[in-house]
Engineer: 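Questions regarding the structure given below will be posed in turn.
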Amino acid sequence: MSRSQRWYATAGVVLTGILGAVVNLATSGFDMADRKWWLTVAAMILLVVLVAVTYFQTDPGSPADWENTVETEAARLAFEVKCRGSVPQDGYAGSLLQLRIRPAPAKVVGQLPTGRVTAYGGALSTAKRDDRLDDIADVYRRSTGWLVVLGGPGAGKSVLARHLVALLMETRKPDEVRIPVVFPLHTWDPDVEFGQWLAQCLMRDFNGLKRQGPGGTNIATALVEHGHILPILDGFDEIPKGRRRDALRELNHTPMPLVLLSRTEAYADLVQEGIALRRSDVIVVEDLTLRDLRSVLPTDTRTETGKAKWDAVLDPLNETGEAGGISALASPLMVSLARAVYEEPGENPADMLESSGRRLRDADELRSRLLSRFVSTAYRRPSPWRSENAERWLGYLARMNGPGDFAWWKLVDSVPRRHRVGAFLVPGAVLGATAGGLQLGWTGLVLGALIVAVLGALIGWSQGPEPERMDLKLSGRAKYALAQVVPGVVGGLIVGIVGFFLVGQWGWWMLGVAGALGNAVGGGLTGWARHRAWNDSAKPILKEVGLGAVGGAAGAFAVGAVGALSHASTGENLPLWLLAGLIVGVAFTPGAGLLAEPEVEVAVTPTALLRSNRRYAVLQTIMVTIAFGLVIGVFTGVANGVVFGCAIGAAFGVGAHAWGRWLIIGRFWLPLTGRLPFRKVWRFLEDAQERGLLRQRGAFYEYRHALLRETLAARYATNSHTRFWRD
């Protein structure tokens, strides 16, 4: 008999036996002196033990199967990275501008070991003076495999990183097993082991890499440990200055080749202290020359007028670009901004040299002027949003989310706690008051508002959950749905039996203890089974137990509160309690069993992740509403079941899921306080990406450059006293 056939047979037996036992108990009544009653309970326990034994004897798969799975996932990851690699170069003057690469001076190279060999077995040679952006893959292959790329602010390092990924994948040889992936270093705490952090980033940015194998190792960790990943580490200078030394020490201990990108001064300061990335070649992205500026800055070369208006700016420059105090134009970022701001026929580039009637003589001042004008220039084209509003919204995102990238679920946690508490407390109080007042009068209104308001405050105070990537999948999911029967049945029976004795002895308010115990056991069983069946996603078992206990306690406490406030009888009918427990346990089966991680080929984008988590949250909310509505209806009446089942489901949908919290904060509270648009939030972010203000990386957005993010954040801080404006 195959594994799936064994599952179907066992699940059929246990369901038939338990339902028959419940019917028998319900018809015979509660009589502890009746021998048949005890035999029926014993038969139920034996059936549960039987299915649990079968459940946990599932073959987790052989090591050979796991190795094949890892290799298959590596091939899929390579395909996904190659597809993502065809990314435009952020408008850095298009193909007209080719960054130059040269060997770094000795003062920023550090001490290198002798006898080095290249990563590909060739003769070692450093970058040539004429290497360009399109040569970066060859430069890397001529290196030791450890390469440091340095450059000034806006020099094009991030563009180079993405270009390196695209070229390495485009020219990938059959014997190359490493897959180049860009990792944002600002998210790394050097106290976290480097390989572990890489695995966390892979699971965050790609689908299908959370699945567990023998020993609890997931696919992402296996890819790192098996040498399938070439980390391209962008933004070393964005690590807090006090932690950079620890980061380099940790990187020196890793055996895997890597590419590190940093601002020159941040890396050179550590080299002067005697700390460098050993084994590495070091190259520098050169500043642009006057010839480069003359080739790319005139945006209209068809007429003499188009050239002449830029000649007034470029003629005073010498080859170093320092004369006239406008050396800021020597970086690709500033060239791109200058082109965008002054490309219109009515704009005069000479205006960039003056402000308020005085001539700008400082490069930083000119850089700030270009950056501050860029947002209004980007929204010069027709847009649904006013440019000043767009600048404030982008400024808020830049200021509240700190360095690096941001995501919709992280945005919720970036809101100060005192504001989050209020944002969740108020709708919680309204929900509790409405449900309690409808069914229980003034007492229910007051207590309902108080209880759910406290729950809302706790939700606002707590850290939001990571969004689960789940899609509803019917085909081939029957065995997973049946597998959830065991934890559901076991947990439900525990809640029914323990709740019967606790509520009968001390009243309805003790039902939360039974819910915590039953749900903790069910969560533990689920976690244990998922870790054994490595073809399914899994959380740590203790986390499953803890989440189960908290969720079970909250849900059971809500049911107990309704029972107490409605003065329902605690009941002396154990079969009724067992039936109620089974209803709750089995009702959660479809919600857990019919959800699967999206296919690996599905791209991880902000909107795709939100839609996936929304499906997960909605289905789980429906299951909770049905389960608790039925239980409350059994003990306190149908009307109570409908009203309070819906209220508990709504509270669960908001508090337990990233999408529910985003709904309250991102779609209501932030727009009401003027920090995001009321309409089309996602269209606004996508539009900002199309206008060159944002970039998308997996499920995250990041600003085109750190200088742009810092400028927007500073301008928002200056003008944040105006809270409300027209959308």
Engineer: Donor-acceptor check, side chain of Ser612 to backbone of Ala608, threshold 3.5 angstrom: yes or no?
Structural biologist: no

Engineer: For the atom pair CZ (Arg373) and OG1 (Thr711), what is the distance rounded to the nearest 0.5 Å?
Structural biologist: 14.5 Å

Engineer: Can you tell me if Asp234 uses its side chain to pair, donor with acceptor, with the backbone of Ser158 under 3.5 Å?
Structural biologist: no

Engineer: According to the interplanar angle, ranging from 0 to 90°, do the rings of Trp408 and Trp662 count as parallel (below 30°), tilted (30 to 60°) or perpendicular (above 60°)?
Structural biologist: perpendicular

Engineer: Report yes or no: does Ser280 contribute a side-chain atom to a donor-acceptor pair with the main-chain N or O of Val282 at less than 3.5 Å?
Structural biologist: no

Engineer: Check side-chain hydrogen bond (donor to acceptor under 3.5 Å, both in side chains) between Glu702 and all other residues, then give those that pass, not counting sequence neighbours.
Structural biologist: Arg695

Engineer: How are the rings of Trp409 and Phe700 set to each other: parallel, tilted or perpendicular (split at 30° and 60°)?
Structural biologist: perpendicular

Engineer: Identify the two heavy atoms, one from Glu73 and one from Leu209, that lie closest to each other, and give their separation to 0.1 Å.
Structural biologist: OE1-CD2, 4.4 Å

Engineer: Test salt bridge (Lys or Arg N to Asp or Glu O under 4.0 Å) on Asp138 and Arg142; report intermediate values, then the result.
Structural biologist: CA-CA 6 Å; Asp138 294 332; Arg142 295 197 306 264; 5.5 Å; no

Engineer: Do Tyr716 and Trp393 make the cut of ring centroids closer than 6.0 angstrom?
Structural biologist: no

Engineer: Taking the basic N atoms (NZ, or NE/NH1/NH2) and the acidic carboxylate oxygens, is any pair closer than 4.0 Å for Glu71 and Arg76?
Structural biologist: no

Engineer: Roughly how far, to the nearest 0.5 Å, is CG of Leu685 from OG1 of Thr607?
Structural biologist: 10.0 Å

Engineer: Ignoring hydrogens and geometry, is there a side-chain-to-backbone donor-acceptor pair from Tyr616 to Trp659 under 3.5 Å?
Structural biologist: no

Engineer: Give a yes or no on whether the backbone of Glu238 and the side-chain of His186 come within a donor-acceptor separation of less than 3.5 Å.
Structural biologist: no

Engineer: For Arg178, check side-chain hydrogen bond (donor to acceptor under 3.5 Å, both in side chains) against everything at least two apart and list the hits.
Structural biologist: none

Engineer: Using modelled atom types only, decide if a donor and an acceptor are shared between the side chain of Glu193 and the backbone of Gly195 within a distance under 3.5 Å.
Structural biologist: yes

Engineer: Students often mix this up, so state it plainly: with edges at 30° and 60°, are the rings of Phe684 and Tyr379 parallel, tilted or perpendicular?
Structural biologist: parallel

Engineer: Hydrogens and angles aside, do Ser262 and Arg244 bring a side-chain donor and acceptor to less than 3.5 Å of each other?
Structural biologist: no

Engineer: Do Asp246 and Arg249 meet the salt-bridge criterion of a basic N to acidic O distance under 4.0 Å?
Structural biologist: yes

Engineer: Any donor-acceptor pair under 3.5 Å linking the side chain of Tyr140 with the backbone of Gly145?
Structural biologist: yes

